[in-house]
Structures are given as C-alpha cells and as structure tokens.
Protein chains: 2
Amino acid sequence: MVDVALRAGVSTATVSRALRGVEGVSDETRSRILALAEDLDYVVSPEASGLSGRATGRVAVVVHDLAAWYCSSVVVGLENELRAAGLELVVRCVDDPADRVEFFGTLPLRRKADALVVVAIPMSPEEQERLAGAGVTVVAAGTHDQHFPSVAIDDVNAAQQAVNHLLRLGHRRIALLNTVAADDRAWQAQMDREEGFRRAMRSAGVPVDETLVVSWSGGARGGAEGMDRLLSGERLPTAVFAFSDEVALGAIRSMRRSGFSVPQQISVVSIDDHPLAELTDLTTVRQDPLGLGRAAGRTVLAALRGEELPDVGAFPTRLVIRGTTAPPAD
Amino acid sequence: MVDVALRAGVSTATVSRALRGVEGVSDETRSRILALAEDLDYVVSPEASGLSGRATGRVAVVVHDLAAWYCSSVVVGLENELRAAGLELVVRCVDDPADRVEFFGTLPLRRKADALVVVAIPMSPEEQERLAGAGVTVVAAGTHDQHFPSVAIDDVNAAQQAVNHLLRLGHRRIALLNTVAADDRAWQAQMDREEGFRRAMRSAGVPVDETLVVSWSGGARGGAEGMDRLLSGERLPTAVFAFSDEVALGAIRSMRRSGFSVPQQISVVSIDDHPLAELTDLTTVRQDPLGLGRAAGRTVLAALRGEELPDVGAFPTRLVIRGTTAPPAD
DNA sequence: CTGAAAGCGCTTACAG
DNA sequence: CTGAAAGCGCTTACAG
C-alpha cells in the first residue's frame, strides 16, 4: 500500500479510504489511486486490514454432511451470496458427535470470522449459549432457532402437504417411514415431519396405525431396511410417506424386490425434490436448499450491517406430483 | 496475549513460543502458560499472527460444482485432512465460464491463503501461468497437471477397466455415451475416457462403430437424451459405457421407457460408484473422491512444509460388478 | 479533502 | 531458556 501511496503522491490513509470506497476522497484522487492499484496488481492484505479494522471479511459455516445434496446446495447458495458481497466462506465439517462436542466446546471462531452459519444442525440450549457468548453473528440455516435468526422450511407443513396428497387420493393406511438422527439427539426435522403426518391424519379423521410408523436410519439403505420392516408386518400400507427422497428411493427398491409395484400397490411420497427425484419419477414436496442458502447469506449480510432483521417466515415448499402416487387399488 | 503473559509473569514472546509449541521454552513454563490460556479461553488472533508471521493458516479451494457428489466429497476429504493440521478451508465456487475468467483474472488469493487446491477444473496454459505467478502453493485435485502437483485417477485406465468388462462378457457393439464440458474448453476426463474406450476396443481387435459414439450434455438428463439418440440410430448397441453413474442412470431410464430391458438387451457400465449406484444395482468403476481429497490435503501439507513431493501416481479405481451388465443376448 | 501518528495483536531476530 | 523491541500492513480518530 505504501507503494501505491508513494506513486500516487498521497498518504496511505488516503489510499486506504479510496480503496474501500469510503467518503472523504476527491473523485480525481480516488480514480487515480484506483488506476494505480489496478496497474500494480495490488490487493489489500486481509490480515492487516482485519487487525486494524474490526471485521475479518470472512464468515464461517459449520455443516453436518457436506457430501449430502441438501447441505452442499445450501453452502453453494451461501457462497454465491457472500462472495457477491466480497466476503469469504470458511467451511468446517462436523462429522460425528465427538467432533460436534469438540467444535462447540472450543468454538475456534472468535476473531476468525465475522459470522457463523450453522447448516442443518439443530443446537442444544447449551450449544446456543456457547455460541451466544462467542461474539459472532450467528444464523441458522435449515433449522429453526429461538435465539438466532434462522431460515428454514416449515417441516410440519411440508409433511402435511405430502400426506394430504395421499389422503386426497383416497389412502387411509398410510405408513410413516421416518429416520433417526445418527446423533441420537432429538432431530427437529424428524419430529416436525412426524407431527405434520399426524396432524394431517387427524384433520382427515383417519386413525394412525402405530405399526405403520417406523423410524430407521437415514439414506437410501436405511429406507430400504425400514421398508423391509413395514413389508414384513401383518397389515400392509397402501401408501408410504418417507422422510426424504433418498429414503423413498431405498424404500421403492425394497418394494420392487419384494414384488410390490409402485404406485399400483403402494404409493410413495417424500420431501426434497432431489435431482434424482425427477429421473425416478418420484412424487415429492420440493424444497430449495440453494435458495435457502442464498436467503441465509442475505440474512448474514443484513445482520452484519446491523440491520433490523425482517422475519422472513418459513421458506416455501411445494408438492410436485409425479409417478409414484396413485389412488389405492381397493 | 498480553493478558496471559501478565498473569504468567512472562513476556508475550514466551507465550507466543509456548502456544505454538516452538522450541525454547522450559516444560514448566510452557505447561503453566498452556493452562492459563485454557483457563482464559484464549485463542490467538489469526490476523495478527498472519500479519507478523508468514502464513495465513488458510488454504483456498476452487471448485467447479460443489453441489455435485464428486466435488463435495473431494472437499470433505480436503477439509478433514487440513483441519487435522490446524488449517482452515476457504471455499470458492466457480459456476460458469465468466466466473472462471473472473477468478483466474483477478486471483483474489494473494495473501489470503497459503495454498490453493483446484478441484476438477483442468487449467489452460494461461491459467496455469497466472497461478504460478500468484505466489501460492498450488495443488490440482481430480485433474492431472503438468506444472503443479496433482492427485487424480487414471481416466484412460478406468475407462479400460469398464470397457474390458464388457468385452470379456462378449460384447462387441459397445456404445460410448460421453459428455461435453459446459465450458466448451477441452475437458480432460472426457478425452481420457474416450481414449480408454478406444484403446480397450483396439486391444480386443473390435472396431469402433462411430455411430455409437455420442457426446451429450452431462448429468442424468443428458444421459437420458444421449441415450435417446443412440436408440434412434440404425443399429443398436448391446452395451453402453457411460461417462458417469449419473449419465448411466439417465440412460437406463431412457432404455426402460423405450421398452429395452437392462441388462438383458443392453448392458450398462460407467465410472464413479455414486452412492446411488449400489441402490440401482449399477455396474461401475469405483473411484473414491473422499480419499482423493484427503490425499490432496496431504499433498498440500507436504508442499507447505517444503517437502519433496513423492509422485503418488494415479489414484486407484476398481471395477464393481453389479446387475446392469450381462453377456449379450445374441 | 488530506496527512501524521498511533495502534491493532502477534512473531522474530537479537541479546542476554 | 527468556525478554525488549522492531515490525508485519493496514485503519482510524484527530488535526488541519
């Protein structure tokens, strides 16, 4: 920077102001400095800038499973929005419970980032408290949060959209193929989606057959295994509401293997609209993790600017009817 | 840090040395300082540290499509390895060609990171040159590179593994369902996999029917469309080698829709072993992007330590035979 | 509109 | 093994 200042014949203070677009520099001087900086291929040192100023120009994101479609899409949305604002994204994966304890225990983010975005990790009260004392702006993405601004879908409502679709088709023996969090701590989405399932059934006056409510591990494999359990039960469902598209895909695989046709004998609906849902002709409730990540990014920017955060409400979801649902055979 | 030094009754220089595990501090002093720092919940400011020392403690990763399984897996592997070494990962997505030009044109990474990992983006000579002059350690992951250390699979060989499997089963009319890069610049993997395809055919003395060589856009949709083209040709293939699992899945969908059974009428093999490959019983050549990311991370660490980089050779791939391949019907 | 000077919180030769 | 001091490259009141 001294170099630029010397050549421009001004002080480093002026260069600093010109480069940051701050007021108090004449247009003539500013453009001269900008041109010079460009010429010299000069970039400000974020270290020095962060040390003297207050902000680091970085926002951290903690994410549960970056390799999963949902999480990586949220992160891409975040990155796009933050990059446009000149901020960098530091990614921290939290793979297992031990790692999670480690992260929330040490919170290695003080002075390392201006804000933290927690993606798809419902926080315990203790974790929230730790974070609140960490001195950074916190935004939750993919989960609802009491203490911090959050952007997420309404899982109860999304589940109702799915189950109502089955009910409208005439189904009554509807199974819930839920998942359990690997973490064993209550996972918000699972509870909310079950609540939505029950609420839809209740509204329609249809009793829930508890033998048709199964919670199994997640992913396609979990869905396949959970479905095997349902198929080995006494009375079969005519329709299944699965926690996610991946679970649904696994379930469908199990059904076909066992000789059941979808949707002729059993209908399937889930939540996500994963890229493969269209390919597999899966009826699902679409959510938009990329857009959600962008919204979370905008929330971070607003919070950093100290703006009043407008309550964005729940992020929208929408039923997409494809080929895995049909009226019951009987 | 002054706070810790004051309470420990030593200078900040000693605290700094103790905290970094550098030599030149008595064990007694060191442990006292460490305990104190722990007590006070003290963490060094990376800004200040970076400003006085040389390194930033950060490595940047540029990635083409973070939402894709392959790329996000590589990034997770990288993150795991780098985090274990106390380094942070800054993620930069490069979505479209314009964005790519912008990135390589401005290279906003000088002083912002100690190293740069380029994931799945084959670089042009000009881009390589720009990077070489940027003053950061560069590692390529997922592509081979002349100028920088790189860790990648041998695409030619992987393709041969796939096609040789088909040849061994007795297939001769084998189609290549390749993809074209959205970027329109030559994409290494596509060329190498085509080369592997041709080499395997040549070795087996089987002529390539050029009407069975199709390059279409990527993803499941691209695979479906490309397959439709193949199916509308004069002579049908008895087997298809697809660029990736997603392309293969799309292709299979097209075949089933057109009334062809897999593998009875047409066999399908591809490259990846995507999580859904097992679910869909797809025969494929497995690659391990998570492990590849880890290896890239280790390469970065070694380079940062100034170590001689051992030539790791190609990252291994392995044929996984499942249910989409069988001997030809005739 | 512009500059001189202090200070951000560390690390690193240089002494001892 | 330990400390005093300079310096890393910026930003920010404070003057002018």
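Numbered from 1 within each chain, the chains take letters A, B, ... in sequence-line order.
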Self-check item: N or O in side chain of A:S49 less than 4.0 angstrom from D:dT11 OP1/OP2
Solution: yes
Self-check item: Phosphate OP1/OP2 of C:dC10 contacted by B:Y42 side-chain N/O (<4.0 Å)
Solution: yes
[atom1] of [X] versus [atom2] of [N]: gap in Å, rounded?
{"X": "B:E47", "N": "C:dG7", "atom1": "CD", "atom2": "C1'", "answer": "15 Å"}
{"X": "A:D3", "N": "D:dC10", "atom1": "CG", "atom2": "C1'", "answer": "15 Å"}
{"X": "A:D27", "N": "C:dC1", "atom1": "CG", "atom2": "P", "answer": "8 Å"}
{"X": "B:L51", "N": "C:dG7", "atom1": "CG", "atom2": "C1'", "answer": "12 Å"}
{"X": "B:L6", "N": "C:dG9", "atom1": "CG", "atom2": "P", "answer": "14 Å"}
{"X": "A:L19", "N": "D:dT11", "atom1": "CG", "atom2": "C1'", "answer": "12 Å"}

Using 4.0 Å as the upper bound for N to carboxylate O, is an ion pair formed by [Y] and [X]?
{"X": "B:E88", "Y": "B:R83", "result": "no"}
{"X": "A:R32", "Y": "A:D27", "result": "no"}
{"X": "B:D288", "Y": "B:R294", "result": "no"}
{"X": "A:R92", "Y": "A:E102", "result": "yes"}

Practice problem: Kindly say whether A:A295 contributes a backbone atom to a donor-acceptor pair with the side chain of A:T299 at under 3.5 angstrom? | Solution: yes
Quiz item: Would you find a donor on one side and an acceptor on the other, under 3.5 Å apart, between the side chain of A:D114 and the backbone of A:T56?
Solution: yes
Quiz item: Does the pair B:D3 and B:R7 meet the rule for a salt bridge (charged side-chain N to carboxylate O under 4.0 Å, His left out), with working shown?
Solution: CA-CA 6 Å; B:D3 199 29; B:R7 304 204 190 204; 3.7 Å; yes
Quiz item: Of all the nucleotides listed (D:dT11, C:dT2, C:dG9), which has the minimum atom distance to the side chain of B:A48?
Solution: C:dG9
Quiz item: Any idea which of D:dG9, D:dT2, D:dG7 is nearest the B:T29 side chain?
Solution: D:dT2
Quiz item: How about B:R30 and B:S26: does a side-chain donor come under 3.5 Å of a side-chain acceptor?
Solution: no
Look for any protein N or O under 3.5 Å of an N or O in nucleotides 3-5 of chain C and output each such pair with its distance, or none.
{"unit_1": "C:dG3", "atom_1": "OP2", "unit_2": "A:S11", "atom_2": "N", "d": "3.0"}
{"unit_1": "C:dG3", "atom_1": "OP2", "unit_2": "A:S11", "atom_2": "OG", "d": "3.3"}
{"unit_1": "C:dG3", "atom_1": "OP2", "unit_2": "A:T14", "atom_2": "OG1", "d": "2.7"}
{"unit_1": "C:dG3", "atom_1": "N7", "unit_2": "A:R17", "atom_2": "NH2", "d": "2.8"}
{"unit_1": "C:dG3", "atom_1": "O6", "unit_2": "A:R17", "atom_2": "NH1", "d": "3.4"}
{"unit_1": "C:dG3", "atom_1": "O6", "unit_2": "A:R17", "atom_2": "NH2", "d": "3.3"}

Quiz item: Under a 3.5 Å cutoff on both atom distances, Watson-Crick or G-U, what's the dot-bracket for DNA chain C ([ ] crossing, | other strand)?
Solution: |||.||||||||.|||
Quiz item: If you draw a 6.0 Å radius around CD in A:E307, do more than 12 non-hydrogen atoms from other residues or ligands fall strictly inside?
Solution: yes
Self-check item: Upstream residue (5' side of DNA chain C) when B:R20 and A:R30 are each assigned their closest nucleotide
Solution: A:R30
